[in-house]
Amino acid sequence: MAELLGTMLFVFLGLGSALKWSGALPTILQIALTFGLGIGTMVQTMGHISGAHLNPAVTLSFLVGSQISLLRAVFYIMGQMLGAVVGAALLYALTPEAVRGSFGVNMPNSNVSAGQAFAVELILTLQLVLCVFASTDSQRTDNVGSPALSIGLSVTLGHLLGIYYTGCSMNPARSFGPAVITATFTHHWIFWVGPMAGGVVASMIYNYVLRPQKRSSSEKLAVLQGTFDPEQEREREEHRKQSIELHSLYSISKVLSKA
């Protein structure tokens, strides 16, 4: 429910910033800031409930990183897609026809090829997902700051460049909502394959190269199956540390007695 509601509000606010009101046409900065502030607000609001993925590419990246179960990932993506459609539908119904314009449907610029658009979406999503992993990494002991702010700024950054190429998606659900409402699916595959590929690459880089996980293969499998118990794992880890400490003390005392 949190993923559905969060994505609905995010899409409603983001698409709303791109509407073409006479005398107040949106600027690139306005749209970028609205999408960034929107995702930052929703991460702060829903983060403690669902993790606030709000993006199928983020959910897939967590699945690849063995940080979410397969069943939960499926339900998250379904909720995100439904939320995006509901958010787009609400905005469409509340907006005068003359103001809708293209209604924020993602589309490659006329001077941009499909391949270039795909590559840009992949790269922009890669930097976003890397930021998500880095700002929510439980292994970090430094001052992380606010994950919501970091992720919001990452989305803003992506839009400041990506709008010129594709209108900037970085989120298949964000593209899916207005495409369904306007029945416009030209080049729609770019905004699924590009972000999803970017999310997978980012997950592989962060979770298997930059910050390899300490979990065993069986633990990763348990996460994917939804049977992993983090509390039980913490107890096992604590017991292991105590055993190591006791063994170390025993070894030291044995050496001292021999001396």
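Side-chain atoms of Thr95 never come within 3.5 Å of backbone atoms of Tyr92 as a donor-acceptor pair (strictly under, hydrogens ignored). Listed for the Tyr76 side chain is a donor-acceptor partner under 3.5 Å among the backbone atoms of Ser50. Side chain of Ser150 to main chain of Ser146: a donor-acceptor pair is present (N/O by atom type, distance under 3.5 Å, no hydrogens or angles). A donor-acceptor contact shorter than 3.5 Å links the side chain of Ser203 to the backbone of Gly65. Not one N or O on the side chain of Gln44 forms a donor-acceptor pair closer than 3.5 Å with the backbone of Thr41. Using a distance-only test at 3.5 Å, with no hydrogens or angles considered, no donor-acceptor pair links the side chain of Ser154 to the main chain of Ile151.
The ring pair (Phe, Tyr, Trp, His ring centres under 6.0 Å) analysis of residues 156-181, with sequence neighbours excluded, yields the pairs Phe35-His159. Each salt bridge (Lys or Arg N to Asp or Glu O under 4.0 Å) pair with one or both residues in residues 171-184, not counting sequence neighbours, would appear here, but there are none.
Of all non-hydrogen atoms in Ala84 and Ala173, the two that sit nearest each other are CB-O, 3.0 Å. Heavy-atom minimum distance, Tyr208 versus Ser66: OH-OG, 3.9 Å. When all heavy atoms of Ala117 and Val112 are compared, the pair lying nearest together is N-CG1, 3.7 Å. Thr34 approaches Gln30 most closely through the heavy-atom pair OG1-O, 2.8 Å. Shortest non-hydrogen contact noted between Pro172 and Asn55 is CD-OD1, 3.4 Å. Nearest heavy atoms, Gly14 versus Ser17: O-OG, 2.6 Å.
Using a 4.5 Å heavy-atom cutoff, the side chains of Met170 and Gln127 are in contact. For the pair Leu122 and Pro195, the minimum side-chain heavy-atom distance is 4.5 Å or more. Contact check for Phe10 versus Asn171: side-chain heavy atoms found under the 4.5 Å cut-off. Between Val11 and Thr7, the closest side-chain pair of non-hydrogen atoms falls below 4.5 Å. In this structure the side chain of Asp137 reaches within 4.5 angstrom of the side chain of Arg211, judged on heavy atoms. In this structure, the side chains of Trp21 and Pro96 come closer than 4.5 Å at one or more pairs of heavy atoms. Side chains of Val86 and Leu82 form a contact here, defined as non-hydrogen atoms less than 4.5 Å apart. Side-chain contact between Trp192 and Ser169 is absent, with no heavy atoms from C-beta onward closer than 4.5 Å.
Under the 4.5 Å side-chain heavy-atom criterion for ILVMFWY residues, a single connected hydrophobic cluster contains both Val58 and Leu13. If you chain together hydrophobic residues whose side chains sit under 4.5 Å apart, Leu126 and Leu157 never meet in one group. Hydrophobic clustering of Ile, Leu, Val, Met, Phe, Trp and Tyr side chains at less than 4.5 Å, counting indirect connections, unites Met42 with Val85. Hydrophobic clustering, with ILVMFWY side chains joined whenever heavy atoms are under 4.5 angstrom apart, keeps Leu9 apart from Met1. Grouping the Ile, Leu, Val, Met, Phe, Trp and Tyr side chains by contacts below 4.5 angstrom, directly or via other members, places Val201 with Met196.
For the atom pair CD1 (Ile205) and OG (Ser61), the distance works out to 12.0 Å, reported to the nearest 0.5 Å. Atom CG of Leu71 is separated from atom CG of Leu63 by 11.0 Å, given to the nearest 0.5 angstrom. The line from CG of Leu25 to CG of Leu19 is 11.0 Å long, rounded to the nearest 0.5 Å. To the nearest 0.5 Å, atom CG of residue Leu33 and atom CD1 of residue Ile28 are 11.5 Å apart. Residue Asn109 holds its CG atom at 9.5 Å from OG1 of Thr166, rounded to the nearest 0.5 Å. Taken from CG in Leu161 to SG in Cys168, the straight-line distance is 8.0 Å, to the nearest 0.5 Å.
Not counting sequence neighbours, the partners of Thr59 by the side chain to side chain donor-acceptor pair (under 3.5 Å) test are His53, Gln80. Looking at residues two or more places apart in sequence or on another chain, you find no side chain to side chain donor-acceptor pair (under 3.5 Å) involving Thr136. Listed by chain and residue number, Arg140 satisfy the side chain to side chain donor-acceptor pair (under 3.5 Å) test with Asp142 (two or more places apart in sequence, or in another chain).
Heavy atoms from other residues, nucleotides or ligands lying under 6.0 Å from CD of Glu97 number 12 at most. Counted within 6.0 Å of CZ on Phe75, heavy atoms from surrounding residues, nucleotides or ligands total 12 or fewer; the atom is thus considered open.
No donor-acceptor contact under 3.5 angstrom links the side chains of Glu121 and Asn106, judged on distance only.
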Check the pair Met8, Leu90 against side-chain contact (heavy atoms from CB on, under 4.5 Å), reporting the backbone distance first and the verdict last.
CA-CA 9 Å; Met8 182 195 78; Leu90 283 173; 4.1 Å; yes
Determine whether Ser102 and Met107 satisfy the following criterion, side-chain contact (heavy atoms from CB on, under 4.5 Å), listing intermediate values before the conclusion.
CA-CA 10 Å; Ser102 63; Met107 195 77 66; over 6 Å; no
Give the table of side-chain donor-acceptor pairs shorter than 3.5 Å for residues 128-135, with sequence neighbours excluded, one pair per line with atom names and distance.
{"unit_1": "Ser135", "atom_1": "OG", "unit_2": "Cys131", "atom_2": "O", "d": "2.7"}
{"unit_1": "Ser135", "atom_1": "OG", "unit_2": "Val132", "atom_2": "O", "d": "3.4"}

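Below 30°, between 30° and 60°, or above 60°: for His188 and Phe191 the angle between ring planes is between 30° and 60°, a tilted geometry.
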